[in-house]
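Residue numbers count from 1 along this sequence.
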Amino acid sequence: MRAVIRLVFFLSCLTLSLAWAGAAPTQTTYNWSDIDCRQSRIAFWPGLRCKTTNVVTTEGNVGAFRRWSVEGTTSEGYIHIFLWEAQNSFSYLTTDETTADFLKWMYVNGQSASGFSPVARFHEADYSTFSDTRQARTCAGFRRIGNQRRGGYDWIMGGIVCAPPGRTLTNDQLARFIDRARLQ
């Protein structure tokens, strides 16, 4: 009799805990918050601001994702580095869009980005140069992907660098920017 009571109690607790876990609300909207750059997953340099989002989940709370951003204006021009990261082993990110479409999506002036060069490759990153017609400046951007996972990748990083108005980007500046943009 005592074993039956324990079994019923155990099954009741198990059912309650599963019901509670299933009732957890799905977070489907990214909300950005400023953070101390030392807390960022993106390596930063002086003069840039850092932000992160809450963890966003898909229906059923299986897929979980977070975004990180480092941006600002330095003597080198406007800089924006973006990281989109899967938060568990069930989650993955895909690269269904072209590099140009990804850069337009992540760039603050994406609607004003035009004249994308053909995609080139440098140190495991795809990159392209383009013009920002709104700010009248030359820019370049890259996309780098993390490790393969389930049909996608565990993270996607992108970066934009725009020369100050009236100046152009050199290949050396672009190469240094891509090399400097990394995880910490």
Side-chain angles (χ1 to χ4, degrees), residues 27-35 37 40-45 47-56 58 63-87 91-146 152-183:
Q27 297 290 319
T28 58
T29 304
Y30 290 100
N31 298 308
W32 288 95
S33 300
D34 292 331
I35 59 169
C37 287
S40 179
R41 289 274 295 127
I42 303 170
F44 65 95
W45 49 92
L48 302 179
R49 295 178 316 276
C50 300
K51 295 182 176 190
T52 190
T53 66
N54 53 312
V55 174
V56 169
T58 58
F65 307 93
R66 173 174 264 167
R67 294 177 179 174
W68 304 84
S69 177
V70 174
E71 67 180 310
T73 301
T74 69
S75 61
E76 300 170 40
Y78 172 78
I79 293 172
H80 179 199
I81 303 168
F82 171 82
L83 173 66
W84 196 359
E85 187 175 46
Q87 297 293 294
S91 306
Y92 61 91
L93 298 159
T94 61
T95 56
D96 296 334
E97 67 282 322
T98 65
T99 299
D101 287 341
F102 173 78
L103 295 173
K104 282 182 183 182
W105 170 78
M106 71 162 279
Y107 182 43
V108 67
N109 294 330
Q111 293 179 333
S112 302
S114 65
F116 282 83
S117 69
V119 174
R121 191 116 172 110
F122 179 77
H123 289 189
E124 300 179 3
D126 295 333
Y127 73 91
S128 183
T129 59
F130 61 94
S131 297
D132 178 341
T133 57
R134 181 175 177 211
Q135 299 290 324
R137 55 187 175 187
T138 60
C139 303
F142 76 87
R143 175 173 61 181
R144 182 182 296 139
I145 54 176
Y153 303 93
D154 58 352
W155 54 264
I156 299 173
M157 177 184 274
I160 302 283
V161 59
C162 295
R167 293 179 35 201
T168 59
L169 292 172
T170 67
N171 288 337
D172 287 341
Q173 287 172 308
L174 178 56
R176 281 193 309 271
F177 174 67
I178 292 172
D179 281 341
R180 198 170 180 187
R182 62 188 188 288
L183 300 178

Checklist entry - After noting the C-alpha distance and the side-chain angles of E76 and R167, does the key distance pass the salt bridge (charged side-chain N to carboxylate O under 4.0 Å, His left out) rule? => result CA-CA 10 Å; E76 300 170 40; R167 293 179 35 201; over 6 Å; no
Checklist entry - Could you give the distance from NE2 (H80) to CG (L48), rounded to the nearest 0.5 Å? => result 10.5 Å
Item to check | Donor on one side chain, acceptor on other, S114 and T133, under 3.5 Å | outcome: no
Checklist entry - Taking atom types as modelled, is there a side-chain donor on Y78 or Q135 under 3.5 Å from an acceptor on the other? => result no
Checklist entry - Distance from R176 atom CZ to L174 atom CG, nearest 0.5 Å? => result 10.0 Å
Checklist entry - Got a donor-acceptor contact below 3.5 angstrom from the N54 side chain to the N31 backbone? => result yes
Checklist entry - Measuring from R137:CZ to L169:CG, what's the distance to the nearest 0.5 Å? => result 10.0 Å
Checklist entry - Think R41 forms a cation-pi with W68, using NZ or CZ under 6.0 Å from the six-ring centre and within 45 degrees of its axis? => result no
Checklist entry - Is there a donor-acceptor pair under 3.5 Å between the side chain of T58 and the backbone N or O of G63? => result yes
Checklist entry - Just wondering, more than 12 heavy atoms not from F44 lying within 6.0 Å of its CZ? => result yes
Checklist entry - Stepwise, does the side-chain contact (heavy atoms from CB on, under 4.5 Å) test hold for I35 with K51? => result CA-CA 5 Å; I35 59 169; K51 295 182 176 190; 5.6 Å; no
Checklist entry - For the residue pair Y107 and C162, what are the closest heavy atoms and their distance? => result OH-SG, 3.4 Å
Next on the checklist: Please check if the number of heavy atoms outside D101 that lie under 6.0 Å from its CG is greater than 12.
Outcome noted: yes
Checklist entry - Do you know the tightest heavy-atom contact between T94 and I156? => result O-CD1, 3.4 Å
Checklist entry - Between F142 and F122, does the ring centroid distance fall short of 6.0 Å? => result no
Checklist entry - Looking at side-chain heavy atoms only, is the closest gap between L183 and M157 below 4.5 Å? => result yes
Next on the checklist: Between T95 and R143, does the side-chain contact (heavy atoms from CB on, under 4.5 Å) criterion hold? Intermediate values first, please.
Outcome noted: CA-CA 10 Å; T95 56; R143 175 173 61 181; 3.8 Å; yes
Next on the checklist: Quick check: F65 with Y30 (ring centres under 6.0 Å apart)?
Outcome noted: no
Checklist outcome for this item: Residues G159 and L103: closest non-hydrogen pair is O-CD2, 4.0 Å
Next on the checklist: Please report the interatomic distance CD1(I178) to CD(E124), rounded to the nearest 0.5 Å.
Outcome noted: 12.0 Å
Next on the checklist: Is it the case that the side chains of T99 and S128 hold a donor-acceptor pair, with the cut-off being a distance below 3.5 Å and no angle test?
Outcome noted: no
Next on the checklist: Applying side-chain contact (heavy atoms from CB on, under 4.5 Å) to R121 and Y127, what does each step give before you reach the verdict?
Outcome noted: CA-CA 6 Å; R121 191 116 172 110; Y127 73 91; 5.8 Å; no
Checklist entry - Would a 4.5 Å heavy-atom cut-off, applied to side chains only, mark E85 and D154 as touching? => result no
Item to check | Closest non-hydrogen atom pair between A64 and S91, with its separation | outcome: N-OG, 2.7 Å
Next on the checklist: My understanding is that only residues two or more places apart in sequence, or in another chain, count here; which of them pass side chain to side chain donor-acceptor pair (under 3.5 Å) with T53?
Outcome noted: none
Item to check | Residue pair I81 / A181: nearest heavy atoms and the distance that separates them | outcome: CD1-CB, 3.9 Å
Item to check | Step-by-step side-chain contact (heavy atoms from CB on, under 4.5 Å) determination, T73 to I79 | outcome: CA-CA 6 Å; T73 301; I79 293 172; over 6 Å; no
Item to check | Point-to-point distance, once rounded to the nearest 0.5 Å, from CG of D34 to OG of S69 | outcome: 10.0 Å
Item to check | Aromatic contact, F102 with W84 (centres under 6.0 Å) | outcome: no
Checklist entry - Could you state the interatomic distance from CD1 (I145) to CH2 (W155), rounded to the nearest 0.5 Å? => result 8.5 Å
Next on the checklist: Would R67 and W32 count as a cation-pi pair here, with the cationic atom under 6.0 angstrom from the ring centre and within 45° of the axis?
Outcome noted: no
Item to check | Donor-acceptor under 3.5 Å (R134 side chain, D132 main chain) | outcome: no
